[in-house]
2 protein chains.
Amino acid sequence: MPRAPRDRTQHERILRDLKDRIVSGAWPPGFQLPFELKLAEDYGVSRMTMNKVLSQLTREGFLVRRRKLGTFVATPQAQSAVLEITDIESEVRALGLDYGFALHERAIRPPSESERREAGIAAAEPGEVLFLRGVHFAGRAPFCLETRIISLEAAPDAREQDFSREAPGRWLLERIPWTSAEHRIRAVNAVGATAKLLGLDPGEACLEVLRRTEIAGQWVTLVRQSYPGSKHQLLAQFTPRADAG
Amino acid sequence: MPRAPRDRTQHERILRDLKDRIVSGAWPPGFQLPFELKLAEDYGVSRMTMNKVLSQLTREGFLVRRRKLGTFVATPQAQSAVLEITDIESEVRALGLDYGFALHERAIRPPSESERREAGIAAAEPGEVLFLRGVHFAGRAPFCLETRIISLEAAPDAREQDFSREAPGRWLLERIPWTSAEHRIRAVNAVGATAKLLGLDPGEACLEVLRRTEIAGQWVTLVRQSYPGSKHQLLAQFTPRADAG
DNA sequence: TAGTGGTCTAGACCACTCC
DNA sequence: GAGTGGTCTAGACCACTAG
């Protein structure tokens, strides 16, 4: 056939076709596909186009390719979920609620011992950090308690910034290009100030997200966000696998 | 220059170079790149190779491309973390601990109302599900309480399977190719059977992961995993953005 | 209408790996 | 050595969109 009838592009149509065969089980794990050149002929495209499709399916984890041996349907192993975490203001507004932020503490000081450890700051580094603590509101209800330190070396402009109304997360997001970060997610019992600021009874379960962001190996910010456990849940959407990048 | 000296491939070398410029801030958000053809000439490659690089950076969220206008450095917005979730046995063994699984309940029955709702089973569907509840052990300590239902339509072999020793997660993972799934992560206070099976005092915080897996639109399994909050945390590694797939 | 990105081709050379 | 995937080229046409 010379050309596809109603598909957007050639490789899209082939991609869909191959995925269908794999997820339907018609091509089970371990199945050997025809060789690249043969597939290209079968689908009536050039080898380059076929290669594009097969490369993408390999990146996505559907296929395994080995020189001289051929192309095989992969055995599913690791599952990678993509956890989308927008800034909290967007999250609250997406719920159709008014958003607000109230700053409770602000200080410029050297990082504490535990902060050094968690942010990965070398003991030799003499710099100061901007410490912030505040509450995000959804409507009139506390939505999230945020405790954060910001590297004044990575973000010197933060020193002059007034975060009494604007949450630091979005401010940073718009200015600092981050390259990597790390999440730790755990459940804790709310105690003391955390419980009080979130309007919880002591002992209620909280979802705690600890995020460390860095740019090119240097830490930018370390933030701990506590959500009332009963009122919040993180959503993660699965994809077959992350690409190698 | 006719050819690169010591880089694996042309597009790898260009990819690295462009990423460096973006994350270093030399090309800030909003910066307009030279046109594709110009870049290809500058780097001494064909337009196809250059396009491959620019397409990948666009998929990864570093760039935004618009016909007629040009190519621009993207403003970072949504952060997507890749949450790697291996099966629990691997997780436990990675900690250097012995792994064990103990099945507490097993039943074949129609899904309950709430299970229907959470798994997305149409009321019309008459099928039965395999219900399982068991505890994963790390050494002698309870590591995770798992409550699961499996679609006997999607996985008919599960009916004959004895899960008294082997956890159903890995069994499924090796047999059923999944196409998508969804996570809900929240914190709850342990009560009743959950607390007892995990060896917790009532009221202690638990991390609860609810996962729904499907293949080609049909649900396969719905599982609720409860971890003692104080002893477990999820780790998520950041990447700049997920590709569109 | 003109210029950009989006896609595709036919052919080529190389690298790896099994035989 | 032979056959596979990995990469690259030079050129082409198309689709979208700003002006």
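Labels below follow one simple rule: chain letters A, B, ... track the order of the sequence lines, proteins then strands, and each chain is numbered from 1. Please read all numbers here as calculations on a predicted model, not as lab measurements.
Distance B/Met48 CE to C/dG5 P: 15 Å, rounded to the nearest Å. One interatomic measurement links the two molecules: CZ of A/Arg67 to P of C/dC18, which rounds to 11 Å at whole-angstrom precision. Summarising the geometry, the separation between CG on B/Asn51 and P on D/dA10 is reported as 16 Å, rounded to the nearest angstrom. Between B/Met50 atom CE and C/dT7 atom P the separation is 16 Å, expressed in whole Å. Atom CG in A/Leu37 sits roughly 15 Å away from atom C1' in C/dC13 (whole-Å rounding). One interatomic measurement links the two molecules: CG of A/Leu69 to P of D/dG5, which rounds to 10 Å at whole-angstrom precision. Counting to the nearest Å, the P atom of D/dA18 and the NZ atom of B/Lys68 are 9 Å from each other. Distance, A/Leu15 CG to C/dG6 P: 17 Å, rounded to whole Å.
Where A/His11 and A/Arg66 meet DNA chain C, the nucleotide closest to each residue was compared, and A/His11 sits on the side nearer the 5' end. In this structure, B/Ser46 and A/Gly70 both approach DNA chain D, and ranking their closest nucleotides by distance from the 5' end singles out A/Gly70.
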B/Asn51 and B/Ser55: CA distance, side-chain angles, deciding distance, side-chain hydrogen bond (donor to acceptor under 3.5 Å, both in side chains) verdict: CA-CA 6 Å; B/Asn51 181 275; B/Ser55 297; 3.2 Å; yes
Show your reasoning for whether side-chain hydrogen bond (donor to acceptor under 3.5 Å, both in side chains) applies to A/His232 and A/Glu91. CA-CA 11 Å; A/His232 194 79; A/Glu91 201 176 342; 3.3 Å; yes
So A/Leu39 and A/Ile14, side chain to side chain contact (heavy atoms under 4.5 Å, CB included) or not? Walk me through it. CA-CA 10 Å; A/Leu39 281 170; A/Ile14 302 172; over 6 Å; no
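Distance from the side chain of A/Arg47 is smallest for D/dT7 among the nucleotides C/dT9, D/dG3, D/dT7. When each of C/dT9, C/dT17, D/dT7 is scored by its nearest atom to the side-chain atoms of A/Val45, the top-ranked nucleotide is C/dT9. Set against C/dC18, D/dG5, C/dC8, the side chain of A/Gln10 has C/dC8 as its closest nucleotide.
In this structure, A/Thr71 reaches the sugar-phosphate backbone alone: every heavy-atom distance under 4.0 Å involves primed, P, OP1 or OP2 atoms, never a base.
For C/dT9, one of the phosphate oxygens OP1 or OP2 lies less than 4.0 angstrom from a side-chain nitrogen or oxygen of A/Thr49. In this structure, B/Arg65 reaches the C/dG6 phosphate: one of its side-chain N or O atoms is under 4.0 Å from OP1 or OP2.
Within the 4.5 Å cutoff, the side chain of B/Phe143 has no heavy atoms near those of the B/Leu97 side chain.
A stem is defined here as three or more consecutive Watson-Crick or G-U pairs, each with both distances under 3.5 Å; for DNA chain D these stems are C:1-18 with D:1-18.
Partners of B/Trp27 under the ring pair (Phe, Tyr, Trp, His ring centres under 6.0 Å) rule, at least two apart in sequence or in another chain, are B/Phe31.
Ring planes of B/His136 and B/Tyr99: tilted class, angle from 30 to 60°.
By the neighbour-count criterion of 12 heavy atoms within 6.0 Å, atom CZ of B/Arg66 is sparsely surrounded, having that number or fewer from other residues, nucleotides or ligands.
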